[in-house]
Amino acid sequence: MKCRKCGREASVKLKHYNLSLCEEHFYEFFEGRVKKAINKFKMFSKGDRIIVAVSGGKDSMVAWYILHRLGYNPDALFIRLGSGKVIDETQEMLKSFAESIGSRLVVEDATNYLYGLSTFEAARILRKPACSFCGMVKRYLLNKVAFEKGYDVLVTGHNLDDEASQLLGNILHWQKGYILRNWPVLEKTHEKLVKKAKPLVLNYEDDIKLYAKMRGIPFLSEVCPFSFGATSKVYKKLLEELESEQRGVVLSFYLGYLREKKEFFKTDDKAVKLNSCKVCGYPTTSEMCYFCRSRESLKKRLERKKGASQGVIR
Ligand code: AMP
Ligand code: ZN
Ligand code: ZN
């Protein structure tokens with residue numbers, strides 16, 4: 001097996017591209033795709049203050065590492081969604097990685113906003129699906145911290161498989177709004193909304209894993225123990241099956257969307273109007289944001305519970 005670029009002995013075979021490469025040319029190929037996404041979608045430039053949302057999983061670790069490698073000087077942000085050994089160990093791992101590359105890690109504890117509860121416990125009390133509730137808390141806090149600390153761009157580790165499976169789900173249910181809005185870069189559309197960017201959208205998940213392993217980047221294999229039933233996983237599995245029959249189909253599906261979106265899905269230019277939440281001031285389409293409403297309702301339920309356990313009759 002020879003490297004297609006230089007003819008030396010290849011060390012990897014990228015099945016999605018039917019491409020054999022030596023170590024050096026694999027790095028060049030992989031990082032080239034990240035650079036392409038950053039430039040094509042004007043995600044950020046060298047002068048911007050960038051913060052990468054890191055969960056400890058391979059995608060966000062690789063995003064953090066590559067932006068550092070490419071000279072963007074990013075900091076990283078970890079949201080603690082609960083407490084316990086796994087979360088402590090994740091934080092420890094992130095901290096030592098930050099030290100090893102000379103980057104700064106910012107940590108925010110979600111339980112401080114949820115009366116000491118984890119997102120999982122809070123979702124149970126609120127009778128909300130754990131994944132979507134947790135996702136909402138994550139998005140809210142990532143934006144809030146990035147905004148308050150003055151960052152220009154918040155980067156996430158979403159990869160090609162994430163974006164393509166989400167697109168498939170949105171098309172199956174004809175969620176036009178999501179189809180239009182879920183773009184590799186999301187501009188600032190409210191004074192308290194930080195610009196978002198996903199520099200790994202052109203990279204397959206398998207290749208990200210390979211890159212992390214070859215570069216010796218530490219990561220945790222299963223970041224969220226509660227995501228096993230998530231619908232997004234069903235679409236991901238379907239696309240994996242398709243990909244095994246038709247090499248490259250996931251990439252061409254997603255690239256087609258990036259190319260054709262404008263023509264197929266016309267924006268009516270009535271962009272969703274964002275108000276400011278009357279409690280926290282962050283963007284919302286209603287009067288009070290979902291985060292503040294959840295907090296309010298959680299507080300009520302906890303007080304009721306406390307009252308009941310103390311035998312108070314109301
Ligand atoms: P997920 O929604 O779990 O697939 O994660 C998507 C992206 O959100 C990841 O690639 C990270 O960039 C970010 N993310 C997920 N969990 C956390 C967390 N606990 N703290 C900070 N960022 C996170
Ligand atoms: Zn080579
Ligand atoms: Zn609010």
Side-chain angles (χ1 to χ4, degrees), residues 1-12 19-29 50-64 67 74-82 86-87 90-91 94 105-111 113 118-120 130-146 153-159 161-163 165-166 190 192 196-201 203 205 208 219-220 222-228 230 232-233 236 274-296:
M1 213 168 64
K2 298 269 183 263
C3 169
R4 194 182 298 169
K5 270 275 175 91
C6 66
R8 276 181 296 173
E9 192 60 29
S11 20
V12 297
L19 179 62
S20 302
L21 293 171
C22 68
E23 191 171 332
E24 180 194 333
H25 286 118
F26 168 59
Y27 293 153
E28 187 184 278
F29 173 80
I50 301 170
I51 191 155
V52 185
V54 291
S55 59
K58 60 185 179 338
D59 307 305
S60 48
M61 292 304 286
V62 165
W64 187 9
L67 295 199
D75 291 340
L77 170 56
F78 174 55
I79 309 285
R80 291 178 59 99
L81 299 161
V86 177
I87 292 177
T90 307
Q91 189 175 327
L94 294 170
L105 175 70
V106 179
V107 179
E108 183 74 356
D109 193 338
T111 68
Y113 298 84
S118 67
T119 49
F120 184 69
C131 271
S132 59
F133 180 74
C134 187
M136 179 280 288
V137 171
K138 251 190 292 194
R139 281 191 299 278
Y140 180 90
L141 291 177
L142 286 171
N143 179 70
K144 177 180 161 69
V145 176
V153 188
L154 173 71
V155 164
T156 54
H158 292 95
N159 59 40
D161 305 61
D162 293 331
E163 297 303 285
S165 55
Q166 194 154 37
H190 180 277
K192 285 184 142 187
K196 314 276 178 338
K198 310 172 194 173
L200 299 186
V201 287
N203 295 75
E205 196 164 312
I208 295 175
F219 66 90
L220 304 162
E222 193 50 80
V223 178
C224 176
F226 306 118
S227 67
F228 51 85
S232 60
K233 288 214 163 169
K236 226 179 219 187
L274 289 178
N275 308 318
S276 301
C277 169
K278 66 176 183 187
V279 178
C280 68
Y282 281 92
T284 174
T285 47
S286 37
E287 231 181 277
M288 204 201 284
C289 77
Y290 187 36
F291 184 81
C292 289
R293 273 185 281 146
S294 302
R295 261 168 54 84
E296 207 172 66

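Atoms within each ligand, like the ligands themselves, are counted from 1 in listed order.
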Practice problem: Look at the side chain of R80 and the backbone N and O of E108, then say whether any donor-acceptor pair between them is shorter than 3.5 Å. | Solution: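 No, because the side chain of R80 does not come within donor-acceptor range (under 3.5 Å) of the backbone of E108.
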
Practice problem: Flag the pair D162 and K236 as a salt bridge only when some basic side-chain nitrogen lies within less than 4.0 angstrom of an acidic carboxylate oxygen. | Solution: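 K236 and D162: salt-bridged.
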
Practice problem: Give a yes-or-no answer on whether the side chains of N159 and N203 include a donor-acceptor pair shorter than 3.5 Å. | Solution: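 Distance-only check fails for N159 and N203.
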
If we set the cut-off at 4.0 Å for heavy atoms, which region of [X] has an atom near ligand 1: side chain, backbone, both, or neither?
{"X": "L77", "result": "backbone"}
{"X": "V54", "result": "backbone"}
{"X": "K138", "result": "side chain"}

What I want to know is whether [X] and ligand 1 share at least one N or O pair that is separated by under 3.5 angstrom.
{"X": "A53", "result": "yes"}
{"X": "G157", "result": "yes"}
{"X": "I79", "result": "yes"}

Quiz item: Close to the Zn ion (ligand 2), meaning under 2.8 Å, how many protein N, O or S atoms are there?
Solution: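 Excluding waters, the total comes to 4.
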
Self-check item: Point-to-point distance, once rounded to the nearest 0.5 Å, from CZ of F219 to OG of S60
Solution: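 Going from CZ on F219 over to OG on S60, the span is 11.0 Å.
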
Quiz item: Looking at SG of C22 and CE of M1, how far apart are the two atoms once the value is rounded to the nearest 0.5 Å?
Solution: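 With rounding to 0.5 Å, SG (C22) is 11.0 Å from CE (M1).
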
Quiz item: With a cut-off of 2.8 Å, which protein N/O/S atoms are close to the Zn ion (ligand 3), if we only count those under it?
Solution: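 Checking every protein N, O and S atom gives C277 SG, C280 SG, C289 SG, C292 SG.
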
Self-check item: Student check: side-chain heavy atoms of V155 and P74 closer than 4.5 Å
Solution: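 They are not in contact (no side-chain heavy atoms under 4.5 Å apart), so the answer is no.
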
Self-check item: Charged tip of K192 within 45° of Y282 ring normal and under 6.0 Å
Solution: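 Here K192 passes the 6.0 Å and 45° test against Y282.
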
Quiz item: With a cut-off of 6.0 Å (strictly less than), are more than 12 heavy atoms of other residues, nucleotides or ligands near CD of E9?
Solution: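 Yes, enclosed.
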
